[in-house]
Amino acid sequence: MTAIPPAQPGRGLLSAANLKQLNLICWGMLLVAFVLPFTAFVLATHRPPDGDFAGFYALGRILNTHPMSDLYNYDLQREVCNQVHVRAGAYGPLPYPPFVGMFFQPFARLPYPAAYVLWLLVTLALYAAGLRLLIRRFLPLDPVRRSLLFCFAFAYSPFVIDTAASGQLSAVGFLALAVSLCQEDAGHPFSSGLALSL
């Protein structure tokens, strides 16, 4: 029977050198598989993809140009949505609370494509902030492993397609939940509940 030689430090799949290479490969694949095609699509079509952001932008525009009492006028909502971003399917009612429309009022003062890009950047920042809080609090890893977790999280299809590209509000809830969990773990139940109330 042949003895198995002991593992040598710095060798193997999870060595520091291999993790750095894996990091470069993963971030490169994310760039090539999503960021570049998405950017090329938006530049080629001169329009953001269909998504929830059009509704949020429309609510902000209604509040910028009409009395607040018109916010839930469905005919007006549909008309403004179609002015903002025409799409194949019909827009349904926008039942979001008034503060959502108020939050998007500054966005609605920008041209729609610029507002979409700005909201996409805000979404990425909120998601990254929530990830940073959770990883730092619960997974105190070295920078290379932390970078890999960020890459995998940014490549997660529900985030990429449903949240970021569609312009949903989920990143706000994710950050609030991350703050809540970290505060609860640190023994601060009041601030945890306050964050969760978002």
Side-chain angles (χ1 to χ4, degrees), residues 27 29-66 68 70-134 150-180 195-198:
W27 281 107
M29 287 176 61
L30 180 62
L31 181 70
V32 170
F34 172 67
V35 176
L36 292 179
F38 180 75
T39 305
F41 169 80
V42 171
L43 291 176
T45 60
H46 300 290
R47 55 176 273 147
D50 294 345
D52 295 344
F53 181 72
F56 304 140
Y57 183 93
L59 289 175
R61 180 178 278 187
I62 289 170
L63 288 178
N64 286 343
T65 57
H66 294 78
M68 181 161 304
D70 288 341
L71 185 61
Y72 298 110
N73 178 334
Y74 176 48
D75 292 331
L76 178 60
Q77 285 182 351
R78 192 171 46 200
E79 177 188 334
V80 173
C81 283
N82 283 314
Q83 288 171 357
V84 164
H85 184 82
V86 178
R87 67 180 186 191
Y91 284 95
L94 303 170
Y96 299 97
F99 59 78
V100 171
M102 292 165 70
F103 177 81
F104 282 97
Q105 280 183 272
F107 289 86
R109 290 190 176 93
L110 299 170
Y112 181 72
Y116 173 81
V117 170
L118 178 60
W119 178 242
L120 182 61
L121 294 174
V122 169
T123 298
L124 293 173
L126 293 172
Y127 189 57
L131 287 170
R132 185 175 183 275
L133 283 173
L134 291 174
F150 269 88
C151 182
F152 295 152
F154 278 111
Y156 183 52
S157 177
F159 170 73
V160 170
I161 308 268
D162 299 329
T163 299
S166 179
Q168 288 184 354
L169 296 172
S170 307
V172 176
F174 177 73
L175 177 60
L177 187 59
V179 171
S180 177
L196 198 56
S197 70
L198 285 173

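- Checked against the 6.0 Å centroid criterion, the rings of F150 and W27 do not qualify as a close aromatic pair.
- Residue N64 comes nearest to A108 through the heavy atom pair ND2-CB, 3.6 Å, listed as atom of the first residue, atom of the second, then distance.
- Here the closest heavy-atom approach between residue V80 and residue R61 is recorded as CG1-CD, 3.8 Å.
- Residue-environment remark: OH (Y74) exceeds the threshold of 12 foreign heavy atoms within 6.0 Å.
- Residues S180 and L196 approach most closely at OG-CB, 3.7 Å, considering heavy atoms.
- Atom CZ of R87 sits in a crowded spot, with more than 12 heavy atoms from other residues, nucleotides or ligands closer than 6.0 Å.
- For the pair G101 and L63, the tightest heavy-atom approach, listed with the atom from each and the gap, is C-CD1, 3.4 Å.
- At least one side-chain heavy atom of V84 sits less than 4.5 Å from a side-chain heavy atom of Y57.
- Between G130 and L175, the closest heavy-atom pair is N-CD1, 3.5 Å.
- Looking at every heavy atom in both residues, Y112 comes nearest to H85 through CE2-ND1, 3.5 Å.
- Here L76 contributes atom CG and I62 contributes atom CD1; the two are 4.5 Å apart, rounded to the nearest 0.5 Å.
- Using a 4.5 Å heavy-atom threshold, the side chains of F174 and L134 count as touching.
- Formation of a donor-acceptor pair under 3.5 Å by the Y72 side chain with backbone atoms of Y96 is found in this model.
- L169 has its side chain out of reach of T163: every pair of non-hydrogen atoms, C-beta onward, lies at least 4.5 Å apart.
- The line from CG of L131 to CG of L126 is 11.0 Å long, rounded to the nearest 0.5 Å.
- Here the CD atom belonging to Q77 is positioned 7.5 Å from the CG atom belonging to N73, to the nearest 0.5 angstrom.
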### Task
Kindly determine whether F154 and V160 satisfy side-chain contact (heavy atoms from CB on, under 4.5 Å), including the steps that lead there.
CA-CA 7 Å; F154 278 111; V160 170; 5.9 Å; no

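- Within the 4.5 Å cutoff, no side-chain heavy atoms of R78 are placed close to those of Q83.
- In this structure, the separation between CG on L71 and CG on L94 is 8.5 Å, given to the nearest 0.5 Å.
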### Message
I'd like to know whether W119 forms a side-chain contact (heavy atoms from CB on, under 4.5 Å) with F104, so could you lay out the CA-CA distance, the side-chain angles of the two residues, the decisive distance to 0.1 Å, and finally the verdict.
### Response
CA-CA 9 Å; W119 178 242; F104 282 97; 3.9 Å; yes

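- For F53 and F56, the gap between ring centers reaches or exceeds 6.0 Å.
- Atom CG in L30 sits 5.0 Å away from atom SG in C151 (nearest 0.5 Å).
- Contact check for Y127 versus S170: no side-chain heavy atoms found under the 4.5 Å cut-off.
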